[in-house]
Each structure stands twice: as structure tokens, then as C-alpha cells.
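Residues take their numbers from the sequence shown, with the count starting at 1.
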Amino acid sequence: MLVTPEADRRNQRQALLAAGIVALTAIFLGSLSPALWILLGLSPFMYWLIRRRCLRRRAVMRLPFPHHREQILRTHVAFFEALDDAGKARFRQLVQIFLDEVRITGIRTEVDETIRVLVAASAAIPVFGFHDWEYHRLREVLIYPDAFDDAYRSRGGSDENILGMVGLHHLSGVMILSKPALLAGFAHQSGAHNVGVHEFAHLVEKESSEYGLPPEVPWMAVRQWVRYVARELARPSKHHAHFSDYAYTNEHEFFAVLVEYFFTSPELLKRRDPALYGMLRDMFHQDTESLLPLVPRRRRGVGRNAPCPCGSGKKYKHCCLMGNQAAQPA
């Protein structure tokens, strides 16, 4: 998502090439019919069309990062606080670009700046180690007031136990997240559950299958991962007892759940299965086990007696925290 000098030059070359082809075509057609010289005006339009996204991102990257967003990151996102100054600057730019390009909409619930920043942080964390990454499939994130069912309904029914989903069919290009689950995923530093990271891990997997892997990901690591997953799902090893049963639903959930462990509890993952940790480290080009211990070991997130971030006016323990705990077994 970030515009590096190399990416900017590559985009400029593509724009110049396209504009040049349009100009030459217009000149050729104009020589046949003077009325077609008007097509020459399409050349600068083509240049702008190809350059516009890159130029907008460059402008967004130069904007000062709002203080209130900085406070949200420092309060809720342990991954951000563990980064050095250069890493923090890069993370801020990823958040800024994501919020500029992806719409975040509340469905029967309010979406405040905390929710928006945590969604953007969820998107930035898995791809932070990649220098050239795009979420091509994502146009909008829907925030639900609670868990929902497989028909995307949230009415308080007993079968509503889904906390996050990448939409299909008519909701293609849409991600759905439970608001209480999103908040809870960033409220407990020691937990292994983060629905935002989980769903963006699904999106990373889908993007990789359609648009290819980033050049930082070695094919050997991918090959080892595919073999490991096939073997583990066919005959779960002793590690099955250490990971969520949900991981063993299929290969896609196995990937997403283990990515959650990698970015939220890397020490635990490495202790339980060093080889598995090594594969994820190579695939994501990040060493989270070395990174996250740098975060001071202190209570983080929303206090139980603090006002709930959803804006209800209630204490956190009597509002979103309670709702998430009720849905957590799913």
C-alpha cells in the first residue's frame, strides 16, 4: 500500500508509456482523418488515470498523523508500541492509507475513531513485513453490534456465533467484524484471539492465491507450510491440544488461527512448535517473538470500569466486554 520511491518511479514509467501509446495512436488516426486529432487529448488523461492513486497515496503519506489516532494505537495496539521509530512511522502511514481508501460502516451500531483505527491496525499487522502489498479484494468493512449468523444477520438469535467473516457472493469485497470481538482482541495483550487479525489473515491468503505472493516470501517456506498443514489436518499431532479446535476445521481456518497466535502470542507459539513458528516467520517476513517482548509488561487496553469505547455511556464491563465474553466460545 505504501508508495516507495521505486514504486513511484515504476508507476510513472507505466503512466508515461500508456500516455505515449495513446498519443501515437491518436497521431496515426489523425493522419487518416483530421477529426480524430481530438483523441490526442486522451493522452494526458491516461497519464492522470494511471498516476492518480499513487499521487493520492503520496499526499496521504505526507499528512501529519492525528494525535487522537496516535493515542489509540499506543493504548490498544501492542504491536505498534513494540516497533522502533522508523517502524512506527511506517505503521502510521499504512493506517492512514487504509482509512483513506476503505470505507468502514456501522450496522445498527456507532463506529467511532477507536473502531476505525483498530480495523486499520488489523489490516496493517499481517502485511507489515511486506514492502509491496495490496488488499485488492477489500472495498468496505461492516461493523456489527454483536455476533451474527451465516446469513449475515445479527438479531440476538441462538445460532449467531460468528465474530468475523470475509463476505461472499453479493458481499464480495466486504469484511464483517463484530464490534465487541474487535475491541476484545486488542484489549488483552496475553490473549491469542484477535478477530481483526484473523479475518485479515483470510484476506492475505485469498490475495496470495489470486495475485501471487510478495517477493519477500520464499517458496521453500510456502512448500513446507503446505506439507505441514496437509499432514497436521490428516493426522493431528500432539500440538492439537495446544491450539484452538477451530483451527482444525479446514486449511483456511488453520492458517488464520495460527496467524493469530503468531501476531498475538508468538512466545507461546514458538514454545509449543518452533518449526511452525519458523515457517510463519519466513512467510510473513517478521520475527514477532523478538518484537513483542519489547512491550512493557503492564496492563493495556480498556479498563473494566472505564467508559465503554462504543459510546453507550455504560462501563466497559457492563457493555461490550460482557457481550464479547458471551460470544467467545464460538
Would R90 and H131 count as a side-chain contact (heavy atoms from CB on, under 4.5 Å) here? Give the steps.
CA-CA 10 Å; R90 186 168 182 272; H131 294 287; 4.0 Å; yes

State, to 0.1 Å, how close [X] and [Y] come at their nearest heavy-atom pair, and which atoms those are.
X	Y	answer
A123	Y135	O-OH, 2.8 Å
L233	A247	CD2-O, 4.3 Å
G87	D84	N-OD1, 2.7 Å
L49	R52	O-CG, 3.3 Å
Q286	P126	NE2-O, 3.6 Å
A201	A256	CB-CA, 4.0 Å

Does a side-chain heavy-atom distance below 4.5 Å link [X] with [Y]?
X	Y	value
V217	D282	no
M279	L276	yes
L183	L118	yes
V141	V174	no
L83	F91	yes
E134	E207	no
R272	L268	yes
L42	M46	no

Regarding [X] and [Y], does a basic nitrogen lie under 4.0 Å from an acidic carboxylate oxygen?
X	Y	result
R74	E81	no
R116	E113	yes
E70	R92	yes
R108	D146	no
R10	D132	yes

Do D273 and Y228 have side-chain N/O donor and acceptor atoms under 3.5 Å apart?
yes

Is a donor from one side chain sitting under 3.5 angstrom from an acceptor on the other, for E232 and Y248?
yes

Is there a chain of hydrophobic side chains (I, L, V, M, F, W, Y, each step under 4.5 Å between heavy atoms) that links [X] to [Y]?
X	Y	value
L24	L39	no
W219	V204	yes
V95	L2	yes
F65	L63	no
V22	L17	no

Pair I143-V119, side-chain contact (heavy atoms from CB on, under 4.5 Å): steps then yes or no
CA-CA 9 Å; I143 304 298; V119 171; 4.0 Å; yes

Verify side-chain contact (heavy atoms from CB on, under 4.5 Å) between V195 and S178, making sure each step is shown before the conclusion.
CA-CA 8 Å; V195 69; S178 161; 5.9 Å; no

When you measure from the side chain of [X] to the backbone of [Y], do you find a donor-acceptor pair of N or O atoms at a distance under 3.5 Å?
X	Y	value
T75	Q71	yes
T288	L291	no
T249	Y246	yes
N194	G185	yes

Rounded distance (nearest 0.5 Å) linking atom [atom1] of [X] with atom [atom2] of [Y]:
X	Y	atom1	atom2	result
L142	T109	CG	OG1	12.0 Å
I176	L163	CD1	CG	12.0 Å
N11	E6	CG	CD	13.0 Å
L177	S122	CG	OG	7.0 Å
E289	K270	CD	NZ	4.0 Å
E199	L182	CD	CG	11.0 Å

Could you check whether the rings of Y277 and F262 sit parallel, tilted or perpendicular, using 30° and 60° as the cut-offs?
tilted

In terms of ring plane angle, is the pair H198 and H202 parallel, tilted or perpendicular, where the classes change at 30° and 60°?
perpendicular

So which pairs with a foot in residues 24-54 pass ring-ring contact (aromatic ring centres under 6.0 Å, His included), sequence neighbours left out?
F45-W48

Could you go through the salt bridge (charged side-chain N to carboxylate O under 4.0 Å, His left out) check for K179 and D112 one step at a time?
CA-CA 11 Å; K179 182 177 180 177; D112 61 11; 5.8 Å; no

Hey, do the aromatic rings of F128 and F79 have their centres closer than 6.0 Å?
yes

Between Y152 and Y144, is the ring centroid distance below 6.0 Å?
no

Could you go through Q93 and R62, starting from their C-alpha distance and side-chain angles, then the distance that decides it, and tell me whether this counts as side-chain contact (heavy atoms from CB on, under 4.5 Å)?
CA-CA 8 Å; Q93 291 178 334; R62 289 194 296 266; over 6 Å; no

Which pairs pass salt bridge (Lys or Arg N to Asp or Glu O under 4.0 Å) with one or both residues in residues 211-230, sequence neighbours excluded?
none

Over 12 foreign heavy atoms within 6.0 Å of CG, D85:
no

Throw together a table of side-chain donor-acceptor distances under 3.5 angstrom for residues 96-107, partners on residues two or more places apart or in other chains.
{"from": "Q96", "atom 1": "OE1", "to": "R69", "atom 2": "NH1", "distance (Å)": "2.5"}
{"from": "D100", "atom 1": "OD1", "to": "R56", "atom 2": "NH2", "distance (Å)": "2.8"}
{"from": "D100", "atom 1": "OD2", "to": "R56", "atom 2": "NE", "distance (Å)": "2.8"}
{"from": "E101", "atom 1": "OE1", "to": "R53", "atom 2": "NH2", "distance (Å)": "3.4"}
{"from": "E101", "atom 1": "OE1", "to": "R57", "atom 2": "NH2", "distance (Å)": "2.8"}
{"from": "E101", "atom 1": "OE2", "to": "R57", "atom 2": "NE", "distance (Å)": "2.7"}
{"from": "E101", "atom 1": "OE2", "to": "R57", "atom 2": "NH2", "distance (Å)": "3.4"}
{"from": "R103", "atom 1": "NE", "to": "E140", "atom 2": "OE2", "distance (Å)": "3.2"}
{"from": "R103", "atom 1": "NH2", "to": "E140", "atom 2": "OE1", "distance (Å)": "3.1"}
{"from": "T105", "atom 1": "OG1", "to": "E140", "atom 2": "OE2", "distance (Å)": "2.5"}

